[in-house]
Amino acid sequence: MPVTHAPIGVFDSGVGGLSVLAALRAELPHEHFVYFADTAYAPYGERGDAYVIDRSRKVIEHLVREHRIKALVIACNTATTAAVHLMRAENPDLPIVGLEPALKPAVAVSRTGHISVMATRGTLASAKYAALRDTFAGSADVRSVPCDGLVKAIEGMDTPAIAALCARYMAEAGPFGEASGEVDTVVLGCTHYPLVKDELRRHAPATLRFIDTGLPVAQQTRRLLASAGLLADEHGTPRGSLRLESSGHVAVLEAAAAHWLQGPSQGPSQGLPAPAAPLAPSTATTA
Ligand code: DGL
């Protein structure tokens, strides 16, 4: 099989990366994708770098070994901040796209100069995020809002918990408005959060801007593939495909994908067998 026809791997701790996958599929409709949700080991955001590095390494090894992916999108801010530098060093032949909170575009569009960044505790505590702030915040007032528990609630589709946590963290991210001293722009620095944007919006004026990274990441992936000569042949591959995999229950991922992505997945979906010595209880389905 020509390498241009190989799939692109996309991974996240769970369903959050589907918000990025939707943008990737819209931008690259001829590409094949394998999406891996590391659900049995989620959430990553409150667990520390060593854990996230270990999980990222295992997932990437699986995607390279089983699917011979031609490129990888780490659709997770937490995994990117903890592990992308190591994963690039360990996989020098694999183009890797990472995510980081969209602070630069937020600073560019904010009129009040007051911005809140909602993300996991791991992302906000990282050296990478500190460097991002140093580079792009300028004179803007940037407030960091760690949203403990929100990823877990989204993974569990726990509607009351999602509603309560969105209310709490939006209260911490405000006050919102267009007047001096008010926050007019919120960065969604975790790929799970765009999935509950409607719920977040309930606690904000209509003028509040939410910024996430789905579209720019998809565009960056296209540029990277093009420069490496790895774009799928648009004539030879009339339509791309999607394969869903999970270290947890793949049915949960399929339900989430049916909800968040337009159009059914193509190709079989499957779970990844848990490693012999799991780091956390796993409910993996076997291949
Ligand atoms: N979607 C991940 C992110 O972008 C969530 C991390 C987690 O599992 O806590 O950070």
Side-chain angles (χ1 to χ4, degrees), residues 11-22 35-48 51-52 55 75-82 99 101 116-126 129 143-176 183 186-206 208-214 244 246-261 271 278-285:
F11 101 90
D12 179 43
S13 61
V15 301
L18 293 173
S19 67
V20 178
L21 181 64
Y35 182 90
F36 189 91
D38 199 19
T39 312
Y41 300 91
Y44 286 175
E46 293 145 49
R47 286 206 155 111
Y51 180 93
V52 179
R55 289 311 309 161
C76 176
N77 293 266
T78 311
T80 300
T81 51
L99 263 75
S116 286
V117 180
M118 301 174 80
T120 67
R121 194 163 284 278
T123 295
L124 296 174
S126 68
Y129 177 68
R143 187 179 319 163
S144 300
V145 183
C147 301
D148 293 349
L150 188 51
V151 166
K152 192 164 179 236
I154 294 169
E155 286 293 319
M157 294 186 201
D158 183 343
T159 310
I162 291 169
L165 291 169
C166 286
R168 174 169 153 199
Y169 294 130
M170 285 298 276
E172 289 179 20
F176 303 119
V183 171
V186 168
V187 176
L188 299 179
C190 167
T191 54
H192 280 70
Y193 304 165
L195 303 181
V196 294
K197 204 192 290 185
D198 289 346
E199 188 61 39
L200 295 169
R201 255 190 215 295
R202 294 183 58 228
H203 307 281
L208 185 73
R209 276 183 220 88
F210 287 102
I211 301 203
D212 67 66
T213 32
L244 298 171
S246 173
S247 56
H249 292 292
V250 81
V252 173
L253 176 61
E254 284 178 326
H259 187 72
W260 299 115
L261 300 177
L279 300 173
S282 171
T283 50
T285 15

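Predicted model only: the values in this text are computed from it and were never measured.
For the atom pair Thr213 OG1 and Leu99 CG, the distance stands at 4.0 Å (nearest 0.5 Å). In this structure, Cys76 SG and His192 NE2 are separated by 8.0 Å, a value rounded to the nearest 0.5 Å. The CG atom of Asp198 lies 9.5 Å from the CZ atom of Phe210; values are rounded to the nearest 0.5 Å. Put simply, CG on Asp212 and CE on Met118 are 13.0 Å apart, with the number rounded to the nearest 0.5 Å. Taking CG of Asp38 as the start and CZ of Arg55 as the end, the distance is 4.0 Å to the nearest 0.5 Å.
With respect to the salt-bridge test (charged N to carboxylate O, under 4.0 angstrom), the residues Lys152 and Glu155 do not qualify.
Applying the side-chain hydrogen bond (donor to acceptor under 3.5 Å, both in side chains) test between Thr120 and each of Asp148, Thr81, Thr78 identifies Thr78 as the sole match.
No side-chain heavy atom of Phe36 sits less than 4.5 Å from a side-chain heavy atom of Leu244. The shortest distance between side-chain heavy atoms of Pro101 and Asn77 falls below 4.5 Å. Glu172 is not listed as a side-chain neighbour of Ser116, based on a closest heavy-atom distance of 4.5 Å or more. Using a 4.5 Å cut-off on side-chain heavy atoms (C-beta onward), Leu150 and Tyr193 make contact. Between Leu200 and Leu188 there is a side-chain heavy-atom pair separated by less than 4.5 Å. Taking 4.5 Å as the limit, some side-chain heavy atom of Met170 sits within range of a side-chain heavy atom of Leu208. Proximity of Val117 to Leu124: side-chain heavy atoms (C-beta onward) are separated by under 4.5 Å at one or more points. Residues Phe176 and His203 form no side-chain contact, since every pair of their non-hydrogen atoms from C-beta on lies 4.5 Å or further apart.
Residues Leu195 and Ser19 come closest through the heavy atom pair CD2-CB, 3.9 Å. Heavy atoms only, all atoms of each residue included: Ala161 and Ala153 are closest at CB-CB, 3.9 Å. Residues Tyr35 and Gly17 approach most closely at OH-N, 3.1 Å, considering heavy atoms. The nearest pair of heavy atoms linking Ala75 to Asp12 is O-OD1, 3.4 Å. The heavy-atom pair separating Ser13 from Ala42 by the smallest distance is O-CB, 3.2 Å. Annotation for Cys166 and Val196: closest pair SG-CG2, 4.1 Å, computed over non-hydrogen atoms.
Arg143 places a side-chain N or O within donor-acceptor distance of the main-chain N or O of Gly174, the cut-off being under 3.5 Å. No donor-acceptor pair closer than 3.5 Å links the side chain of Thr39 to the backbone N or O of Ser246. Arg47 places a side-chain N or O within donor-acceptor distance of the main-chain N or O of Tyr41, the cut-off being under 3.5 Å.
Ring geometry for Tyr44 versus Tyr51: interplanar angle over 60°, hence perpendicular rather than tilted (30 to 60°).
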